[in-house]
Amino acid sequence: ETGVTQTPRHLVMGMTNKKSLKCEQHLGHNAMYWYKQSAKKPLELMFVYNFKEQTENNSVPSRFSPECPNSSHLFLHLHTLQPEDSALYLCASSRGEFGEKNIQYFGAGTRLSVL
Amino acid sequence: AQSVTQLGSHVSVSEGALVLLRCNYSSSVPPYLFWYVQYPNQGLQLLLKYTSAATLVKGINGFEAEFKKSETSFHLTKPSAHMSDAAEYFCAVSHSYNTDKLIFGTGTRLQVFP
């Protein structure tokens, strides 16, 4: 098992669809993150969960809804997206403990295309 | 506020040549600095990190980076490029070891020619 696994790897959806991205980490970490990676732009941190509790929401539109049922799983629920939401969505995890939060391990990402 | 600037969105080198990828940071406090690599169709992998210990940091795959406070730089180097080094490289900064927030640069794509 790789450390951080994301499914699906590719997703095409219409603007009226509802879909979910899944992330699973096998590293025993306590913190999980969603990032958006768009062409020519820096990675944007979207959400942070520590010990299943959301601790950061960087002004992300409500059409993105995260869910963290336990420390190993993280979901990103999508609905009524816009074409500008097309991007690579990366999940990451860290130990989440004092002194280890900024050492993050990334999954391979989900390439999302919104038509 | 912190920021990272990566000079050059594309760098091309010949196999066996020196690799130099530039990163300059802005931070009001002593920074923690990172280099990540992203191979095609993969996530980001940590290459190396600077956490206020030695200014010359050695990472994986023969890469190293030197923290220069006077120049606010953290450039990534490798003495001899290999074809397998072709990837996108990201510099990132955080203001503390106890923060989740990493500020990333826009990345530099490295091409290696035979």
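Excluded from the calculations below are hydrogen atoms, water molecules and symmetry mates; all remaining heavy atoms, backbone and side chain alike, are included. To find a chain, count down the sequence lines: A is the first, B the second, and so on, and within it residues start at 1. This is a predicted model, so every value here is computed, not measured.
Contact of B/Q38 with chain A is made through the side chain alone, with heavy-atom distances under 4.5 Å. Using a 4.5 Å cut-off between heavy atoms, B/Y39 does not touch chain A at all. At a 4.5 Å heavy-atom cutoff, the contact between B/L46 and chain A is made by side-chain atoms alone.
Separation of atoms OG1 (B/T51) and CD1 (A/I103) is listed at 7.5 Å; rounding is to 0.5 Å. One finds the CD atom of B/Q45 at 10.0 Å from the OH atom of A/Y105 (value rounded to the nearest 0.5 Å).
In terms of heavy atoms, A/L43 sits closest to B/F104 at CB-CD1, 3.8 Å. The shortest heavy-atom contact between A/L90 and B/G43 is CD2-CA, 4.3 Å.
Atom CG of B/N41 has 12 or fewer neighbouring heavy atoms from other residues, nucleotides or ligands inside a 6.0 Å radius.
The hydrophobic cluster containing A/L21 does not contain A/V48, counting ILVMFWY residues as joined when their side-chain heavy atoms lie under 4.5 angstrom apart, directly or transitively. A chain of hydrophobic side-chain contacts below 4.5 Å, direct or via other Ile, Leu, Val, Met, Phe, Trp or Tyr residues, connects B/L44 to B/Y32. No path of Ile, Leu, Val, Met, Phe, Trp and Tyr side chains, each step under 4.5 Å between heavy atoms, connects B/Y36 with B/L33, placing them in separate hydrophobic clusters. A single hydrophobic cluster is not seen to contain both A/W34 and B/I103; linkage of ILVMFWY side chains at heavy-atom distances under 4.5 Å, directly or through other members, places them apart. Criterion: ILVMFWY side-chain heavy atoms under 4.5 Å apart, direct or through other members. Under it, B/V57 and B/I60 are part of a common hydrophobic cluster.
Applying the side-chain hydrogen bond (donor to acceptor under 3.5 Å, both in side chains) criterion to B/K58, with sequence neighbours excluded, gives B/E64.
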_Before you tell me yes or no, could you show the steps for B/L102 and A/Y35 under side chain to side chain contact (heavy atoms under 4.5 Å, CB included), namely the whole-Å CA-CA distance, both residues' side-chain angles and the distance that decides it to 0.1 Å?_
CA-CA 11 Å; B/L102 290 174; A/Y35 284 87; 4.2 Å; yes
*Taking it one step at a time, do B/T106 and A/K41 satisfy side chain to side chain contact (heavy atoms under 4.5 Å, CB included)?*
CA-CA 5 Å; B/T106 51; A/K41 295 176 67 175; 5.8 Å; no
*Apply side chain to side chain contact (heavy atoms under 4.5 Å, CB included) to B/K101 and A/Y33, showing your working.*
CA-CA 10 Å; B/K101 295 184 180 179; A/Y33 314 83; over 6 Å; no
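Counting heavy-atom pairs closer than 4.5 Å to chain B, the top residue among A/R111, A/E56, A/Q104, A/R9 is A/Q104. Chain A forms more heavy-atom pairs under 4.5 Å with one residue of B/K49, B/Q42, B/Q6 than with any other, namely B/Q42.
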